[in-house]
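All values below come from the heavy atoms of this structure, side chains included, with hydrogens, waters and symmetry mates left out.
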Amino acid sequence: MTDASELEALEKRVRGEIEAAADLRALDDVRVAALGKKGELSLKMRELGKMSPEERQVMGPALNRVKDALNAAVAEKKAALETAALEAALATERVDVSLPVSPGRQGRLHPVNQVMEELAVIFADMGFAVAEGPDVEDDFHNFTALNFPPNHPARDTQDTFFMEARDEQGAPKVLRTHTSPVQIRTMLGGSPPIRIIAPGRVYRNDWDQTHTPMFHQVEGLVIDRETHMGHLKGCLMDFVAAFFETDEVEARFRPHHFPFTEPSAEMDVRYERVGDAIKVGSGDDWMEILGCGMVHPNVIRACGLDPDEFQGFAFGMGVDRLASLKYGMPDLRPFFEPDPRWLAHYGFSPLLQANLATGLS
């Protein structure tokens, strides 16, 4: 049977082992050997059942006292070892923030962001400002003010994402199908002369290799008293030359129809394919690259301006498609997939800003 002197000797020995533990693993070994289910103290506590009531009254409290004391000693030693380990780590793992950035892997700029920056740089050089608007639009700004008739196919659910929320006239709100509402908001909120581009996300009910439900678009608007179709052609040809970084641009403007422009046209450029990318300015093929036209008098009138006094032109193009053409990405769907390998391959350094002096890309 255990007596008081034996229990005292056990406590003294275990305390010494606890104090001598050099690390957390050694400390845990001491704890298990003394206080675990099969530890020395646990085995002695099982002997209480074999003792007389008088002996249990003495040894029970004594065993519990030793158990509590050893647990407290283990906890204290553990805290001391953890503190010492943290201080050692802080002493050996300090970072000198004055050192230059390590040449490790960095994040990459998405091609869409890169092209957005390139577009802003090109049109800023022509005197355009950047304007923005909400992604959720009402019927007036997205359709009515842009001369869409009530039965136009764009108002169908096969093309447009309608929402349960409704505007003040009771019409359902929509996820904007183009950034043209920004043009309307700009004309309503300001006065000519106006020269803006409107980049941003737009939404169409479509999904395949060359179409996505959400994509990016940039539109341009010029409103003043003297702008004509010749200015539109010159502006767009200068843009294509700057964007594709070529001195030779051969373009043609085919008659087309858009509700918000009259006359309307689609712009084609001569090109040849080089691998997955294209080279503009040479080759035997033609490729449609954007839509454009003179702003329809009804649109000018809907924005509170007199179409007999003011006129201008507008154009629009898909940013994702421009990126895929210029940088050779045949499928639009990976643009929106969380694959870091794709971004590592097609992405751009965030430290290199697009500019016309040293080259856009």
Discussion item. With side chain to side chain contact (heavy atoms under 4.5 Å, CB included) as the test, pick out the partner of F335 among M214, H216, H110.
Written reply: H110

Item to complete: Indicate the ring-plane relationship of F315 and F128, choosing parallel, tilted or perpendicular according to the 30° and 60° boundaries.
Response: perpendicular

Worksheet item: What residues join V202 in its hydrophobic cluster, counting side-chain heavy atom gaps under 4.5 Å, either direct or through other members?
Response: F215

Item to complete: Flag this pair as yes if the NZ/CZ of K279 is under 6.0 angstrom from the six-membered ring centre of Y271 and inside a 45 degree cone about the axis; otherwise no.
Response: no

Worksheet entry | N-O pairing of D331 and R333 below 4.0 Å | yes

Practice prompt. Verify, without hydrogens or angle tests, whether R195 (side chain) and M126 (backbone) share a donor-acceptor contact under 3.5 angstrom.
Written response: yes

Item to complete: Over 60° means perpendicular and under 30° means parallel, so classify the ring planes of F260 and H178, tilted if in between.
Response: perpendicular

Fill in: Residues in salt bridge (Lys or Arg N to Asp or Glu O under 4.0 Å) contact with R31, at least two apart in sequence or another chain
D28

Worksheet, complete the sentence: Those residues at least two apart in sequence (or on a different chain) that pass salt bridge (Lys or Arg N to Asp or Glu O under 4.0 Å) with D339 are R341

Worksheet item: Can you tell me if CD on E82 sees more than 12 non-hydrogen neighbours from other groups inside 6.0 Å?
Response: yes

Worksheet item: How about E288: does its CD atom have over 12 heavy atoms from other parts shown lying under 6.0 Å from it?
Response: yes

Practice prompt. Look only at the side chain of E272 and the backbone of D284, and say whether a donor-acceptor pair between them is shorter than 3.5 Å.
Written response: no

Worksheet item: Which residues pass the ring pair (Phe, Tyr, Trp, His ring centres under 6.0 Å) test with H228, sequence neighbours left out?
Response: H231

Worksheet item: Of all residues at least two apart in sequence or in a different chain, which pass the ring pair (Phe, Tyr, Trp, His ring centres under 6.0 Å) check with H345?
Response: none

Fill in: salt bridge (charged side-chain N to carboxylate O under 4.0 Å, His left out) contacts in which one or both residues fall within residues 161-176, not counting sequence neighbours
D135-R176

Item to complete: Kindly check if the number of other-residue, nucleotide or ligand heavy atoms within 6.0 Å of CZ (R13) is above 12?
Response: yes

Worksheet item: Above 12 or not: heavy atoms from other molecules or residues under 6.0 Å from CD of E76?
Response: no

Worksheet item: Between the side chain of T246 and the main-chain N/O of E248, is any donor-acceptor distance below 3.5 Å?
Response: yes

Worksheet item: Which word best sums up how the rings of F243 and F239 line up, parallel for under 30°, tilted for 30 to 60°, or perpendicular for over 60°?
Response: parallel

